[in-house]
Structure formats: C-alpha cells, structure tokens
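Here's the structure we're looking at; comments come further down.
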Amino acid sequence: KTNKEYVLFVKNSYEIVTVMKVIFLDVDGVLNSTRSFVASKYTDYIKSDVIGPTVFHNHQNHDPIAIGLVNKLCDNDDIKIVVSSTWRLVGEEGVIKDLRAMGITGDFATPAITIQLTDIRGEEVNDWLKNHGTKNNVTHHVILDDGSDFYPSQPHVKSNIDIGFSYKNYLEAKKYLGLNTFNLVL
C-alpha cells in the first residue's frame, strides 16, 4: 500500500504531496483485555483480581475482534501505526514482529515507536508528531489506549481494559481520522 497523493498549488507551482494519518497504538487493554485473557488458555496465571501488563504480554491472549477492528481502520492506505504501548520497549523490530504474530496487518510509520520520555504518554505522542509529523504530512491522528496519561486536546479513544477496543471505539477513531462513519444496525 502507498500513501494517497494529492496535487497542491504551493508557491506558484503544483506539487504532488503524500499525506499520512497515524494511529498511536497501545496493546494491553486495547488489543487484549481482561475478557480475552480469561477466555484464553492462560487463565491459570490469574493470581488476583488485578491483571498486570506482565501477564498480558503474550500474543496468545489477544482479542481477534479488537485486532480486526484496528486492521479495518488500517485498510485505508494513508494510515500508519506508531506503537505507543510499553510493548515498544522490546524495540521497534521486536514489537512489529509481536504485533504481526497477533494478526495486525496495517503498515507501520517510520519510526514505528514513540520514545519513552516521561510517565506521560501524551508527551511522547507530541514528541513523535513534532519530530516526524510535518515531514510525513500527518493530517490526522488518533490515540488508541486504555490509559489516561494524555492531554485533553489530544484525540484519544479510551478503551475499557475489561473489553478492549470495541465497535464504539472504532467509530470514534474513524471520526478522529477523518473517515466516513456509519452505524451498523442489526
């Protein structure tokens, strides 16, 4: 897939410009959840009511529905993924390999991970956009995360750790990415 190209009139001449939309992706609580963990064969590892990231860090307990919804967002050829999850700490190549093993099919931006700066991931998203957003012509972005360490002005779709990335989250993300939305009525 390639990014969409647009012809723009800039400084008395026409230029072909490619644009990008970015999904800043968390893993735990988005692509997996308490629900998917309990339904998996790894429920023997549950020792308390609190399930921490070290327990979740396994691609065997991901939620195929959440994975499918994120992949559906990425069907648009101008959308790229940047991993903002703590999973990025295994390195860019490792986290891409892990996400591919989980079933993520979307394209990754360059660089494909945010850099850990502080305990506020909103800062890391801002840093990535500041350093890479302009040169990649990022027009829209969305943060998919179950956490709250983002700024109110940031386009954040907050999933619920118990159910992961839902259809409602999917529709909200489409709006932030400037994609057409419709409500499915069954």
Side-chain angles (χ1 to χ4, degrees), residues 21-76 79-92 94-109 112-114 116 119-122 124-125 128 141-152 154-177 179 181-186:
K21 298 175 182 181
V22 175
I23 295 172
F24 290 93
L25 183 63
D26 183 25
V27 177
D28 299 323
V30 177
L31 301 181
N32 58 29
S33 62
T34 305
R35 179 179 64 102
S36 66
F37 183 81
V38 170
S40 79
K41 63 183 179 180
Y42 295 95
T43 55
D44 293 344
Y45 293 119
I46 298 176
K47 303 265 189 240
S48 70
D49 292 335
V50 179
I51 300 173
T54 54
V55 175
F56 273 140
H57 199 204
N58 178 319
H59 13 99
Q60 299 302 317
N61 59 12
H62 65 274
D63 181 347
I65 302 301
I67 299 278
L69 290 171
V70 170
N71 285 340
K72 194 85 172 147
L73 287 174
C74 294
D75 282 349
N76 296 278
I79 294 180
K80 305 286 186 222
I81 297 169
V82 174
V83 181
S84 55
S85 170
T86 55
W87 282 44
R88 74 192 185 282
L89 301 178
V90 301
E92 186 169 83
V95 75
I96 290 172
K97 183 179 174 186
D98 285 344
L99 289 171
R100 293 282 185 234
M102 290 173 80
I104 291 292
T105 59
D107 292 333
F108 290 88
I113 59 175
T114 58
Q116 186 173 12
D119 290 338
I120 301 170
R121 276 196 271 179
E124 297 165 7
V125 168
W128 192 97
H141 70 280
V142 66
I143 302 161
L144 308 182
D145 203 302
D146 65 313
S148 299
D149 50 343
F150 299 96
Y151 297 109
Q154 290 179 306
H156 175 212
V157 174
K158 188 175 188 327
S159 61
N160 180 319
I161 192 167
D162 290 331
I163 61 170
F165 190 66
S166 68
Y167 180 66
K168 182 179 176 185
N169 296 147
Y170 166 79
L171 292 176
E172 188 179 358
K174 285 184 76 168
K175 286 180 188 174
Y176 281 126
L177 291 169
L179 304 173
T181 61
F182 67 91
N183 238 337
L184 183 63
V185 179
L186 299 176

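Note that the structure is predicted; figures quoted are calculated from it, not measured.
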| field | Neighbour count >12 (heavy atoms, 6.0 Å) for atom CG, Leu179 | value | yes

| Partner residues of Asp26 under the salt bridge (charged side-chain N to carboxylate O under 4.0 Å, His left out) criterion, sequence neighbours left out | Arg121

| query | Any chance the side chains of Asn71 and Asp75 put a donor and an acceptor closer than 3.5 Å? | reply | no

| message | For the residue pair Asn169 / Ser159, report whether a side-chain donor-acceptor contact shorter than 3.5 Å exists. | response | no

| query | Would Val142 and Phe24 satisfy side-chain contact (heavy atoms from CB on, under 4.5 Å), going step by step from the backbone distance to the final call? | reply | CA-CA 6 Å; Val142 66; Phe24 290 93; over 6 Å; no

What distance do [X] atom [atom1] and [Y] atom [atom2] have between them, rounded to the nearest 0.5 Å?
X	Y	atom1	atom2	value
Ser84	Ile143	OG	CD1	7.0 Å
His62	Ile104	NE2	CD1	9.0 Å
Leu25	Trp87	CG	CH2	10.5 Å
His141	Trp128	NE2	CH2	10.0 Å

For [X] and [Y], which heavy atoms make the closest approach, and how far apart are they?
X	Y	result
Val30	Asp146	CG2-N, 3.9 Å
Asp119	Asp149	O-OD2, 3.1 Å
Ile163	Ser166	CD1-CB, 4.3 Å
Gly147	Asp145	N-OD1, 2.6 Å
Lys174	Leu73	CG-CD2, 3.5 Å

Does [Y] offer a backbone N or O that forms a donor-acceptor pair with the side chain of [X] under 3.5 Å?
X	Y	value
Lys80	Phe108	no
Gln154	Gly122	yes
Glu172	Val157	no

| query | What do the steps show when you test Leu99 against Ile67 for side-chain contact (heavy atoms from CB on, under 4.5 Å), and what is the final call? | reply | CA-CA 9 Å; Leu99 289 171; Ile67 299 278; over 6 Å; no

| message | One thing to verify: whether Arg88 and Glu124 come together as a salt bridge, which I'm taking to mean a side-chain N less than 4.0 angstrom from a carboxylate O. | response | yes

| query | Hey, are Asp63 and Arg35 close enough for a salt bridge, meaning a charged N less than 4.0 Å from a carboxylate O? | reply | yes

Between [X] and [Y], is any pair of side-chain heavy atoms under 4.5 Å apart?
X	Y	answer
Ser148	Lys158	yes
Leu31	Val70	yes
Ile81	Cys74	yes
Ile79	Ile23	yes
Tyr151	Ile120	yes
Ile96	Glu92	yes

| From CA spacing to verdict: side-chain contact (heavy atoms from CB on, under 4.5 Å), Lys21, Asn76 | CA-CA 9 Å; Lys21 298 175 182 181; Asn76 296 278; over 6 Å; no

| request: Could you check Ile113 against Val95 for side-chain contact (heavy atoms from CB on, under 4.5 Å), going step by step and ending with a plain yes or no? | output: CA-CA 9 Å; Ile113 59 175; Val95 75; 3.7 Å; yes

| task | Describe, in one word, how the ring planes of His156 and Phe150 are oriented to each other, choosing from parallel (under 30°), tilted (30 to 60°) and perpendicular (over 60°). | result | tilted

